[in-house]
Engineer: 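Got a structure for you, written out below as structure tokens; questions coming shortly.
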Protein chains: 2
Amino acid sequence: MLDRNHRANQRERGQLAKTAFMRALSPNALARLLDGAHITSLPARATIFREGEPALAFYALLSGYVRLYRVSRDGRQADIRICGPGDIFAECLIYGGDTYRFHAQAAENVSLARFDMQDVRELAEQDPTVSKAIMATLSDHLLSTMDCVVNDRLHTAPQRVADYLLTRCPSDNGPASIRLPYQKSLLAGMLGLAPEALSRAFSSLRRTGVTVRGRVIQIGDVEALKEI
Amino acid sequence: MLDRNHRANQRERGQLAKTAFMRALSPNALARLLDGAHITSLPARATIFREGEPALAFYALLSGYVRLYRVSRDGRQADIRICGPGDIFAECLIYGGDTYRFHAQAAENVSLARFDMQDVRELAEQDPTVSKAIMATLSDHLLSTMDCVVNDRLHTAPQRVADYLLTRCPSDNGPASIRLPYQKSLLAGMLGLAPEALSRAFSSLRRTGVTVRGRVIQIGDVEALKEI
DNA sequence: GGCCCGATTTGACGTCGATCAAACCGGGCC
DNA sequence: GGCCCGGTTTGATCGACGTCAAATCGGGCC
């Protein structure tokens, strides 16, 4: 694959304009933001940035998944967030400090848009729809990170998995089927589990009517899952 | 104690103006914000708001400590954040939803200022120093909540306690002494531990030169703590 | 359709921290 | 200074999850 690194073309601009972050921007702000976007493709496992590097840009994900994580002194890793298509990340540094506070790594082939923080700071200064979008995104991330803390502290592995399945479940009751959009090891990291623990959690959910075959998960009875 | 609930007087306005959130506001925005502040005193253990209630206001803490927490179906509680004097909380709902997502409870006698969300939304619309302050506060809370997730996932109880002590340690090396500003059970909740586990963590730090007497903690050698 | 390699599962084990109960302490009060 | 009570510590036990190693699976590729 050739190394792509270019300004956003029409298709990419359209894709970006539909994200939660940009949907509510004024036409003028949106255009200026997109004019500054740089598109890059990266292969699986590529590093996007490292903890401690100067934070010059934040990113929007067009396709693929990205892992935000930190590494302990003894080399163990803990995921902070998994980003999917349409997500933006490292936006907490627009007004939150000048170095990245975690590593960002492509979990698979990804395509992403890069935005200069300083440019966006100036844009936010001039256009309130930009600051509103930033505030909404920050609030959203803060709330879901709080959820993450509570989940870790309150729920066991099977409960966290059941929770996860319920949040992606289209229907409210009866049987359902879900296809994981990524590897199970990535899901394990999201839930703060070792891959083995995720596997065991799935197998303990068998008695509740959950069947796993590869990336496809069958739920016998959604109501029953809520009881876990 | 008589139930106080009044508009901010001169002393309280001065106190609020010094908080991280309000320090950088334009004089006009600051004045308008303070004009809308309502001061309340509450006794220890009082509920400030409950999860699920309509989120009409956010708060700034003048004195005392406040616990933000959620309760699981079986009644166990998990703290999300402990707020101290000068902190603001529930600001994530200014642009993040219309019901509170957790409970807020006074951990001891507190005095706090209440701000109407809708008023502040309008203020932010008109004055960019307000939205900047909100973004900075949200970023800050997001980053520290991410730290919390990582700490929970990567560190053992003694490591979390050592971390905590180091963040409040005035000096970088040699001996030091710290007085906890609140009960140990509150600290335990902050760190995601049962009180018993905190106690055991302290006693396991004795071999690293940490001595505990009531709320006073003596650190023999700060450098040594960093090695934990 | 079969092969192959990396991802996942399973098994065995150790450690950490939650829980319950009982002993202890310290700080506010008289 | 002594008393009391809520907060803290200690002890014993247990369940949950991490880790390492080995077996197995599944999905992409020819």
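Owing to the predicted nature of the structure, the values given are computational and were not obtained by experimental measurement. Letters A, B, ... are given to chains in the order of the sequence lines, protein chains preceding strands, and every chain is numbered from 1. Below, all heavy atoms of this structure are taken into account, side chains as well, without hydrogens, waters or symmetry copies.
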Engineer: Which residues within residues 204-216 of chain A lie with some heavy atom under 4.0 Å of an atom in DNA chain D?
Structural biologist: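 Under 4.0 Å from DNA chain D: A:G214.
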Engineer: Name the atoms and distances for all side-chain donor-acceptor pairs under 3.5 Å in residues 196-208 of chain A, with sequence neighbours left out.
Structural biologist:
{"from": "A:S203", "atom 1": "OG", "to": "A:R200", "atom 2": "O", "distance (Å)": "3.1"}
{"from": "A:S204", "atom 1": "OG", "to": "A:A201", "atom 2": "O", "distance (Å)": "3.1"}
{"from": "A:R207", "atom 1": "NE", "to": "A:S204", "atom 2": "O", "distance (Å)": "3.3"}

Engineer: By ring-ring contact (aromatic ring centres under 6.0 Å, His included), which residues pair with B:Y100, not counting sequence neighbours?
Structural biologist: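 B:Y100: ring-ring contact (aromatic ring centres under 6.0 Å, His included) contacts with B:F49.
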Engineer: side-chain hydrogen bond (donor to acceptor under 3.5 Å, both in side chains): which pairs involve residues 219-228 of chain A, sequence neighbours left out?
Structural biologist: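 Output for this query is empty, none listed.
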Engineer: Check whether any side-chain N or O of B:S203 sits under 4.0 Å from OP1 or OP2 of D:dT9, and answer yes or no.
Structural biologist: no
Engineer: Please list, chain by chain and in numerical order, all residues satisfying ring-ring contact (aromatic ring centres under 6.0 Å, His included) with A:F58, sequence neighbours excluded.
Structural biologist: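 Testing A:F58 for ring-ring contact (aromatic ring centres under 6.0 Å, His included), a comparison that skips the adjacent residues, returns A:F115.
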Engineer: Identify, with sequence neighbours excluded, every residue that meets side chain to side chain contact (heavy atoms under 4.5 Å, CB included) alongside B:P181.
Structural biologist: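 Listed in chain order: B:Y65, B:Y164.
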Engineer: Give me the distances for all protein-to-nucleotides 22-24 of chain D N/O pairs that come in under 3.5 Å?
Structural biologist:
none

Engineer: Restricting to pairs with a member in residues 80-97 of chain B, which pass side-chain hydrogen bond (donor to acceptor under 3.5 Å, both in side chains), not counting sequence neighbours?
Structural biologist: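 The answer is B:R81-B:H141, B:E91-B:H141.
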Engineer: Can you pull out how bent the helix from C:dG1-D:dC30 to C:dC30-D:dG1 is, comparing the axes over its first five and last five pairs, to 10°?
Structural biologist: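 Overall, the helix from C:dG1-D:dC30 to C:dC30-D:dG1 bends by 50° from one end axis to the other.
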Engineer: Report the residues that fulfil salt bridge (Lys or Arg N to Asp or Glu O under 4.0 Å) with A:D79, sequence neighbours left out, ordered by chain and then residue number.
Structural biologist: A:R67
Engineer: Could you identify which residues of residues 186-199 of chain B place a heavy atom less than 4.0 Å from some atom of DNA chain D, listed by residue number, or say none?
Structural biologist: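 By residue number: B:E196, B:S199.
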Engineer: Report the residues that fulfil salt bridge (Lys or Arg N to Asp or Glu O under 4.0 Å) with B:R114, sequence neighbours left out, ordered by chain and then residue number.
Structural biologist: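 For B:R114 there are no salt bridge (Lys or Arg N to Asp or Glu O under 4.0 Å) partners, ignoring immediate neighbours.
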